[in-house]
Structures are given as structure tokens and as C-alpha cells.
Amino acid sequence: MDPHGEFRRDEEGFVPRYDVRCRACGTTFEVNRPMARADDAAPCPHGHDDTVRLLPTVGLAGRATASPAAVATSGGSGGCCGGGCCG
């Protein structure tokens, strides 16, 4: 598992983690498997077979994009060469 807990490494490389929910009991659990097997059945830890893989959530880091008004008042469109800060 990497330091962030997202992937496990096997013989073929990094293996993504998928979140799965059991439709019978509502339990959410994780499975690690190659992307080629992402849609394979994943039995619930409580023995149920009616499960569904959940859509991944993507965490974004960084700063927010400036609003068009903020860009207009700053005198540039961002970046060193686009913002007119280069000599």
C-alpha cells in the first residue's frame, strides 16, 4: 500500500482500490484488484452476493481558480508571461 493508502503493489504493478456497497445489508467495503477485473463480482464480507462498485471520488488539491472579475482587475490572465510580469 502506498503512503496514502490508495494502491497496493503486486507482480503486475499498482492495483487500484475500489469501494463496493452491498445492496442487501448496506455494508461498504474495499477491494484491491487490477483495473481489468474492476467489474468482477465482489461478495460482501457478510456473505451477500448483490453488490455494486461505487463511483470513485476524486480528491483535488491546490488553490481555486480566480474568478473572471479577479483576473480582469489583476491586469493579466495568469502565469508569468500571460500576466505581463516578465521584463
Side-chain angles (χ1 to χ4, degrees):
M1 194 175 285
D2 76 343
H4 304 290
E6 294 295 324
F7 297 99
R8 178 176 61 91
R9 188 170 176 86
D10 71 359
E11 327 55 71
E12 299 176 13
F14 289 102
V15 180
R17 180 187 70 204
Y18 298 98
D19 291 325
V20 181
R21 177 170 291 142
C22 177
R23 290 180 177 153
C25 68
T27 300
T28 300
F29 57 99
E30 300 171 350
V31 294
N32 292 307
R33 57 173 57 155
M35 288 192 319
R37 293 186 41 224
D39 293 323
D40 287 0
C44 168
H46 302 288
H48 306 115
D49 291 325
D50 188 13
T51 60
V52 61
R53 184 169 50 100
L54 301 175
L55 293 175
T57 56
V58 179
L60 300 175
R63 64 178 198 207
T65 304
S67 69
V71 171
T73 59
S74 69
S77 60
C80 181
C81 294
C85 64
C86 297

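Not measured: the values here are computed from a predicted model. Keep in mind that the numbers below use all heavy atoms, side chains included, and drop hydrogens, waters and symmetry copies.
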So, does T51 use its side chain to make a donor-acceptor pair with the main chain of A42 at under 3.5 Å? yes
Under the rule for side-chain hydrogen bond (donor to acceptor under 3.5 Å, both in side chains), what residues qualify as partners of D49, not counting sequence neighbours? none
All side-chain hydrogen bond (donor to acceptor under 3.5 Å, both in side chains) counterparts of D19, not counting sequence neighbours: none
Which residues end up grouped with V52 if you chain together Ile, Leu, Val, Met, Phe, Trp and Tyr wherever their side-chain heavy atoms are less than 4.5 Å apart? none
Before giving the answer on side-chain contact (heavy atoms from CB on, under 4.5 Å), spell out for H46 and T27 the whole-Å C-alpha distance, their side-chain angles and the decisive distance to 0.1 Å. CA-CA 8 Å; H46 302 288; T27 300; 3.3 Å; yes
Give me the other members of the hydrophobic cluster that V31 sits in, counting Ile, Leu, Val, Met, Phe, Trp and Tyr linked by side-chain heavy atoms under 4.5 Å, directly or via other members. Y18, V20, F29, M35
Rounded to the nearest 0.5 Å, what's the gap from NE2 on H48 to SG on C22? Could you check? 5.5 Å
What distance separates R21 CZ from T28 OG1, expressed to the nearest 0.5 Å? 3.5 Å
Test: salt bridge (Lys or Arg N to Asp or Glu O under 4.0 Å). Region: residues 37-47. Which pairs qualify, not counting sequence neighbours? R37-D40, D39-R53
